[in-house]
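Atoms within a ligand are numbered from 1 in the order they appear, just like the ligands themselves. We count residues from 1, following the sequence as given. Keep in mind that what you see is a predicted model, and the values were worked out from it rather than measured.
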Amino acid sequence: MQAGNGVDQDILDAARKAAAVAASRAVDVDIRERFPDEGQEALKQAGLLGLAVPREHGGLGANSCTASLVVEEIAAACASTGAILLTWAGPVTGLRDFGTAEQKERYLPAIAAGRCKLSFALTEEHCGSDAGAITTTAIADGDDYVLNGKKAWIGNAINADLTLVAAKTDPTARARGVSSFLIDKGTAGMAVEELYSKMGARGTKHGDLVLKDVRVPKTQLLGEPGRGLAQMLQSLDYIRLMTAAHALGIARSAYDAAVGHAKSREAFGSKLSKNQAISFLVADCATQLHASRMIMLDAAADLDAGKAIGAKAAMAKLHSSETATRIAHASVQIHGAWGLKKGNAAERAYRDARITEVWDGTSEIQKLIIAREIFGRE
Ligand SMILES: Cc1cc2nc3c(=O)[nH]c(=O)nc-3n(C[C@H](O)[C@H](O)[C@H](O)COP(=O)(O)OP(=O)(O)OC[C@H]3O[C@@H](n4cnc5c(N)ncnc54)[C@H](O)[C@@H]3O)c2cc1C
C-alpha cells in the first residue's frame, strides 16, 4: 500500500515490528559487544534483508523514501541492527545495477530470502576517503583473477556469504584502475585477521580482511574492469541516503529519551520540561530532527524520480550525522548523571552517533562533494 511520497506503509509496518525485536535486545548487544542475531532474524522474517532487491528477484523492491524510513526505524531501535541494512546496501545496489543476468539470478533471490549475508570491502589501513589509493591488486591469469592485499574496517566479513571487494586490475592507475569482485565465502586465501572493539555500533563486527592469492573466475567481476569506483560512486547516493537515515534513527532515539526524561524527572519542585533552559534545548533538538528528516526525504524523492542526488545525498548524510551527535550530547546533559550510565539510551546514542560522522564518507568528504557542486572542480 502506497502512502505519501510513494512510501509503502506495509513495509514500514513490518519494519516497526522488526524494530521492536531489535529494541528489546539493544542494550545487551551494546554492552556485551555481540552481533544482533535476533535483530537480523527479525529483518529476515520481515523480508527486510531484501529491501532494495527488485521484486522480480524475490525482494521488496522498496523505493528510496520507504527504504530510508525503514532504516530510520531499525536504527532508532538498535544502531547495530540498523547497520546490517547499511552493509547490504552496497553489494545489493551493485548487483542490481551492474550484475550480469547470471550474477543476479545466483545472488539476489538468496539475499532477499536471507540465505546470503553480505559484506563490502573497499577501505585499507592507509586509505579510506582516498579510495583511488588502494593497493589490493587483482591480476588477470587465464580465465581467473588473482587478488592480493589487506582490507581494513570491513563490516560483517566474518559472517558474510558474499563479499564485494574492490581491487586494482591496473595497479599503475588510481581510481580508473579499480574493479569490483564478488567473492564467495570459503574461497581459498580469504580470511578475517582481526576484529576491532569500537566506541559505537558495538554489535557490528568490523575487522581486517586478508586476501592472499585469492583466485576467482573472471565471471566474478562485477560490471566493467576499471569501472569499480565509478560504479560504487553511483551506488553511493543510495548508500549515503541510508547512512543519513541510520544517523537520523540514532538522533531520534536520543531525542525520545530526552523528552521522556524531561517529562518525568523533577528538580526544584517541578518537572524538567517546565524549565525553559531544558524545554528550549529540546525544542532545538526537535527542529534539527525535523530538518534532517526533510532533507533526507527530499533527496530520496529525487532519487526515486530518477534525478542525480550527489550533493543532496551528501547534505542528508552531513546533516543527519551531525544532528545525531548534537542531539545525543543534549540528551546526555538532560539526563544528568543517568545519561552517563551504561544501559542508558542517551549514553548509547552518544557513542553510536559519533560513528556516523566518519563511516561511508566523513563530514569533510560530504562538504567536499557539496562544495564541488557549488564551485565546480576548478
Ligand atoms: C564503524 C565503521 C564501519 C566501517 N565499515 C566499512 C565497511 O564495511 N567497508 C569499508 O570498505 N569501509 C568501512 N569503513 C571505513 C570508512 O568508510 C572510512 O573510515 C571512512 O571513509 C574514512 O576513511 P579513514 O578512516 O581512512 O580516514 P581518512 O580518509 O584518513 O581521513 C582522516 C581525516 O582527514 C579528513 N580528510 C581526508 N581527506 C580530506 C580532504 N580531501 N579534505 C578534507 N578533509 C579530509 C577526513 O574527513 C578525516 O577527518 C568503516 C568505518 C567505520 C568507522
Side-chain angles (χ1 to χ4, degrees), residues 29-30 33 35-36 75 78-94 117-136 147 149-160 162-168 174-175 178-181 183 190 192-211 222 228-229 231-233 235-236 239-240 242-244 246-247 250 313-314 317-318 321-322 324-325 348 351-372 375 377:
V29 161
D30 177 61
E33 233 174 322
F35 187 77
C78 171
S80 295
T81 308
I84 295 170
L85 296 176
L86 300 189
T87 304
W88 262 229
V92 169
T93 49
K117 301 187 194 79
L118 300 170
S119 180
F120 178 56
L122 171 63
T123 303
E124 297 179 5
E125 189 174 352
H126 67 283
C127 67
S129 310
D130 184 9
I134 62 167
T135 55
T136 295
L147 284 83
K150 187 174 173 184
K151 298 289 176 183
W153 282 100
I154 307 310
N156 210 38
I158 191 95
N159 294 321
L162 175 67
T163 300
L164 182 61
V165 177
K168 281 197 173 158
R174 275 185 47 90
V178 178
S179 304
S180 289
F181 295 89
I183 307 193
M190 189 165 73
V192 175
E193 211 167 60
E194 188 202 336
L195 286 176
Y196 318 146
S197 180
K198 308 186 296 299
M199 91 186 258
R202 280 158 57 87
T204 58
K205 298 290 152 207
H206 286 81
D208 293 343
L209 178 68
V210 177
L211 300 128
L222 180 68
L229 271 193
Q231 291 167 192
M232 278 177 205
L233 288 179
S235 304
L236 218 54
I239 298 169
R240 288 229 162 98
M242 296 308 120
T243 318
H246 184 269
I250 295 169
K317 204 257 173 188
L318 176 67
S321 56
E322 297 199 342
T325 297
R348 177 160 48 89
R351 290 180 289 99
D352 290 340
R354 199 62 186 82
I355 281 201
T356 69
E357 291 183 78
V358 174
W359 68 8
D360 286 336
T362 63
S363 291
E364 290 75 19
I365 296 304
Q366 308 313 318
K367 288 179 194 175
L368 211 69
I369 294 163
I370 298 162
R372 271 188 193 148
F375 297 112
R377 280 179 176 266

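Judged purely by distance below 3.5 Å, without hydrogens or angles, the side chains of K117 and T87 never pair a donor atom with an acceptor atom.
For E125, the CD atom counts as loosely surrounded, since its 6.0 Å shell holds 12 or fewer non-hydrogen atoms of other residues, nucleotides or ligands. In this structure, R354 places its CZ atom where only 12 or fewer heavy-atom neighbours from other residues, nucleotides or ligands lie under 6.0 Å away.
Taking the side chain as every heavy atom from C-beta outward, M242 and L85 never approach each other to under 4.5 Å.
Q231 places a side-chain N or O within donor-acceptor distance of the main-chain N or O of L222, the cut-off being under 3.5 Å.
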Quick check on ligand 1: any N or O pairs to the protein under 3.5 Å? One line per pair.
unit_1: ligand 1; atom_1: 5 (N); unit_2: W153; atom_2: O; d: 3.0
unit_1: ligand 1; atom_1: 5 (N); unit_2: H206; atom_2: NE2; d: 3.2
unit_1: ligand 1; atom_1: 8 (O); unit_2: G155; atom_2: N; d: 3.0
unit_1: ligand 1; atom_1: 9 (N); unit_2: F120; atom_2: O; d: 2.8
unit_1: ligand 1; atom_1: 11 (O); unit_2: L122; atom_2: N; d: 2.9
unit_1: ligand 1; atom_1: 11 (O); unit_2: T123; atom_2: N; d: 2.9
unit_1: ligand 1; atom_1: 11 (O); unit_2: T123; atom_2: OG1; d: 3.2
unit_1: ligand 1; atom_1: 12 (N); unit_2: T123; atom_2: OG1; d: 2.7
unit_1: ligand 1; atom_1: 23 (O); unit_2: S129; atom_2: N; d: 3.4
unit_1: ligand 1; atom_1: 26 (O); unit_2: G128; atom_2: N; d: 3.0
unit_1: ligand 1; atom_1: 29 (O); unit_2: S129; atom_2: N; d: 3.0
unit_1: ligand 1; atom_1: 29 (O); unit_2: S129; atom_2: OG; d: 2.5
unit_1: ligand 1; atom_1: 47 (O); unit_2: T362; atom_2: OG1; d: 2.6
unit_1: ligand 1; atom_1: 47 (O); unit_2: E364; atom_2: OE1; d: 2.7
unit_1: ligand 1; atom_1: 49 (O); unit_2: E364; atom_2: OE1; d: 3.4

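Taking OG1 from T163 and CD1 from I154, the interatomic distance works out to 9.0 Å, rounded to the nearest 0.5 Å.
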